[in-house]
Enquirer: 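Here it is: the structure, laid out below.
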Amino acid sequence: MYSEKVMDHFMNPRNVGEIIDASGIGTVGNAKCGDIMKVFLKIENNTIKDAKFKTFGCGAAVATSSIATELVIGKSIQEALGITNKAVMEALDGLPPAKVHCSCLAEEALHSALWDYSEKNNILIEGLEKPKTDIGHGHAE
Ligand code: FES
C-alpha cells in the first residue's frame, strides 16, 4: 500500500525538531482527521537555509513533512512555493488516494511558515496566500 520511500520517511523522518531562531513558523491542522503539522524555516538572502518540522499526525503526514523539509532546503522562496502536494507525493513515489490530504497539509505547512516570514518582515511574496488550514502558533506541542 505504501511505497518504500513513504515507509523510510515514516520510520526515519528527516529534520524533526525545531529551529529556535526560525525566520518563519507555520502551523496547520486538518479539521477532519485532527492532525497537526508545524514547520520551521530559516531564511537568509531569499534562500531557505534550514527546515525542521514537528508533526502530530498519521504516518503519511510524518512522511510528507519529512520529504517536504528535504525538498525545501536550499531553495529560493519562489522555488519553495512550487513545492506542491503533487511534488511531495512524487518525491515519495506516490500515496494511496485516501492519504492525498496528508500531502496537502505538508504544502500548506510550508506556505504557512512562508506567510509568517512575510508578515514578520513586512514583505509581499508573490503568489503566496495564507492557507485556510493555518491555526496560528503554539498548538503543535
Ligand atoms: Fe490526517 Fe494524514 S490522516 S494528515
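Starting from 1, each residue takes its place in the sequence as its number. One-based numbering, in listed order, for ligands and for the atoms of each. We use all heavy atoms of the structure for the numbers below, so side chains are in, but hydrogens, waters and symmetry mates are not.
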Enquirer: Determine whether the side chains of Ser103 and Asn85 contain a donor N or O and an acceptor N or O closer than 3.5 Å.
Expert: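 Side chains of Ser103 and Asn85: pair found under 3.5 Å.
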
Enquirer: Does the side chain of Thr133 come under 3.5 Å of the side chain of Glu108 through a donor N or O and an acceptor N or O?
Expert: yes

Enquirer: Let me check something: do Val88 and Leu105 share a hydrophobic cluster, defined by ILVMFWY side-chain heavy atoms less than 4.5 Å apart, either directly or through other members?
Expert: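 No, no single cluster joins them.
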
Enquirer: Within the 3.5 Å criterion, strictly below it, is a donor on Ser112 or Asp134 matched to an acceptor on the partner's side chain?
Expert: yes

Enquirer: Taking 2.8 Å as the upper limit, name the protein N, O or S atoms near atom 2 (Fe) of ligand 1.
Expert: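 Near atom 2 (Fe) of ligand 1, the protein supplies Cys58 SG, Cys102 SG.
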
Enquirer: Give a yes or no on whether the backbone of Ala106 and the side-chain of Ser65 come within a donor-acceptor separation of less than 3.5 Å.
Expert: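 Not confirmed, Ser65 side chain does not pair with Ala106 backbone.
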
Enquirer: Is the closest side-chain heavy-atom distance between Leu81 and Leu110 below 4.5 Å?
Expert: no

